[in-house]
Amino acid sequence: MSSSLTVAQHRAHLDQLRTETEAAIAILEATYEELDPAEAASDVGAGEDEGGSEGDLTRFERDRIRARIAEDNLFLEVIDAAKKRAETKDWKTCSRCGNPIGDARLEALPATDLCVVCKADRASW
Ligand SMILES: [Zn+2]
């Protein structure tokens with residue numbers, strides 16, 4: 001616990017986070033493609049005709065996945081912004097109050113640019 005976080009370690013964490021997020025997006029996009037609303041709707045056929053509720057469910061699921069993809073793409077931008085910050089001397093400094101973000105916090109949340117106090121103050125990220 002004695003050694004402090006180096007910028008090289010921090011950059012490696014950000015790269016890893018980016019790779020993981022890209023992989024998550026790829027999985028979501030593949031799942032999205034597999035969920036074909038037209039196909040799900042045609043499966044309903046045999047039972048009672050309730051106006052294709054299964055197709056609606058598939059559409060709901062697709063909307064949910066699309067929202068997740070949008071969120072993850074937004075997160076990629078946050079990661080890229082953090083990578084840019086990692087090229088400056090301010091990468092350990094809270095972008096709002098100027099206090100140190102803290103090594104432990106940066107290690108747990110490499111993409112953050114806020115200290116824990118400012119984060120608690122803001123709705124997202
Ligand atoms: Zn702060």
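Every number for a ligand or one of its atoms is a count from 1 in the order of the listing. The figures that follow rest on heavy atoms only: side chains count, while hydrogens, waters and symmetry mates do not.
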Exercise for review: Look up atom CG in Asp72 and atom CD1 in Ile25, then write down how far apart they are to the nearest 0.5 Å.
Suggested key: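 Here the rounded value is 5.0 Å.
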
Check your understanding: To the nearest 0.5 Å, how far apart are OG1 in Thr58 and CG in Asp63?
Key ->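 The OG1 atom of Thr58 sits 11.0 Å away from the CG atom of Asp63.
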
Review point. Just wondering, more than 12 heavy atoms not from Arg68 lying within 6.0 Å of its CZ?
Key: no

Review point. Lys92 pairs by side-chain contact (heavy atoms from CB on, under 4.5 Å) with which of Asn99, Val7, Asp103?
Key: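 For Lys92, the side-chain contact (heavy atoms from CB on, under 4.5 Å) check succeeds only for Asp103.
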
Check your understanding: Of the options Leu5, Leu109, Ile79, which is the one that meets His13 in a side-chain contact (heavy atoms from CB on, under 4.5 Å)?
Key -> Leu5

Review point. Can you list every side-chain hydrogen bond (donor to acceptor under 3.5 Å, both in side chains) pair that touches residues 17-27, not counting sequence neighbours?
Key: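 Sorted result for residues 17-27: Gln16-Glu20, Arg18-Glu22, Arg18-Asp80.
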
Point to revise | Polar protein atoms (N, O or S) that approach the Zn ion (ligand 1) to under 2.8 Å | key: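 The answer, once waters are left aside, is Cys94 SG, Cys97 SG, Cys115 SG, Cys118 SG.
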
